[in-house]
Number of protein chains: 2
Amino acid sequence: MTDPVAILLRCGVRPTSQRVAIADYILGARSHPSADEILAHVKKTCPAISRATVYNTLNLLVEKGLVTTQILREGTVVFDPIVDNHHHFIDEQSGRIYDIPWEALRVSGTADLKGFDVRRFQVVLRGRRRR
Amino acid sequence: MTDPVAILLRCGVRPTSQRVAIADYILGARSHPSADEILAHVKKTCPAISRATVYNTLNLLVEKGLVTTQILREGTVVFDPIVDNHHHFIDEQSGRIYDIPWEALRVSGTADLKGFDVRRFQVVLRGRRRR
DNA sequence: TCTCTTTTTAGACCGTATCTAAATTCATGA
DNA sequence: TCATGAATTTAGATACGGTCTAAAAAGAGA
């Protein structure tokens, strides 16, 4: 992964220590953490950080196109460092969310829906992770 | 639509006036209302109804398989009287949610995902409603 | 009618997210 | 270097979705 400081600078965002800590964590995350989960993690290296800063920074990263939000869990938005199109699988047992590559599925018919101008879509799959 | 009283009775649910009012509304709803939106509607005919009853009843209807919950809006679950498989389209302008028939789209590849036992899935589409 | 069970109710409570005003940090120019 | 003003962070207030609790009310059955 590229240096989070460089990434922030490239987006015109001042790389404060709080922002760097947050970006460092979320940009490399393989899970799909909520804001409060991110707060908990970042507090380990940055104990005085406030909730408001985490929320503000995450919203800023979304605005800059560095992460996306996903509505996949009840009650909370989750953050995803993958900004390219992909699908999601949710393990019904654990609640864990997995990324499914765009190429793994094929969806047809989205262009034929009368009255609907589809800009983007994703498949949300649910079931059990097999190991 | 069938009589909501009959539907409740068939499920072994005592058809109190509050439950009937709630079932009557949600079972015929074309929108995808949240619990609080349902509360607001039902209050018109049943002004003394409490929030707890609406939430309890909706959870009961879900348990009985009469409606489903969908995680499609940020911050709140929405209720859907369609219990069969179908997809959803979300108008990014208005936030309105539309049902897309199962047959309108074809999805392939879900059975080939290694390590994932897919039980169910849906396509979530976003864009603009055209009229 | 009496009793017991089910249902409803108001309000307390909890979690997520935003807002606010004050404090702090930072960049800039004199 | 210092002073100034803008940007950022902070704690806590606020708003809202949803659940829980204990007491009141309604209903079923003997």
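Convention: sequence-line order gives letters A, B, ...; per-chain numbering from 1. All values below come from the heavy atoms of this structure, side chains included, with hydrogens, waters and symmetry mates left out.
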The side chain of [X] lies closest to which of these nucleotides: [options]?
{"X": "A48(A)", "options": "dT8(C), dT9(D), dT10(D)", "answer": "dT10(D)"}
{"X": "A35(B)", "options": "dT18(C), dG18(D), dT16(C)", "answer": "dG18(D)"}
{"X": "N56(A)", "options": "dG17(D), dT9(D), dA11(D)", "answer": "dT9(D)"}
{"X": "S50(A)", "options": "dA17(C), dT9(C), dA11(D)", "answer": "dA11(D)"}
{"X": "T76(A)", "options": "dG11(C), dG18(D), dT16(C)", "answer": "dT16(C)"}
{"X": "D36(B)", "options": "dT8(D), dT9(C), dG17(D)", "answer": "dG17(D)"}
{"X": "Q18(B)", "options": "dG17(D), dT8(C), dT9(D)", "answer": "dT8(C)"}
{"X": "R14(A)", "options": "dA27(C), dT18(C), dT9(D)", "answer": "dA27(C)"}

Please report, rounded to the nearest Å, how far the [atom2] atom of [N] is from the [atom1] atom of [X].
{"X": "L60(B)", "N": "dT7(C)", "atom1": "CG", "atom2": "P", "value": "8 Å"}
{"X": "I49(B)", "N": "dT7(C)", "atom1": "CD1", "atom2": "C1'", "value": "11 Å"}
{"X": "Y55(B)", "N": "dC20(D)", "atom1": "OH", "atom2": "C1'", "value": "13 Å"}

*Starting at the 5' end of DNA chain C, which residue's closest nucleotide do you reach first, R19(B) or E74(B)?*
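By nearest-heavy-atom nucleotide position, the 5'-most residue is R19(B).
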*Can the positive tip of R130(A) be found less than 6.0 Å from the middle of the six-membered ring of F116(B), inside 45° of the ring normal?*
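No - R130(A) does not lie over the ring of F116(B) by the 6.0 Å and 45° rule.
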*Ring geometry between Y25(A) and H41(A) (parallel below 30°, tilted from 30 to 60°, perpendicular above 60°)*: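 Answer is parallel, since the angle falls under 30°.
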*Residues D112(B) and K114(B) bridged, charged N to O under 4.0 Å*: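 Salt bridge between D112(B) and K114(B), a charged N being under 4.0 Å from a carboxylate O: no.
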*Taking atom types as modelled and ignoring hydrogens, do the side chains of H88(A) and Q122(A) form a donor-acceptor contact shorter than 3.5 angstrom?*
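A pair is found: one side chain offers a donor N or O, the other an acceptor, under 3.5 Å apart.
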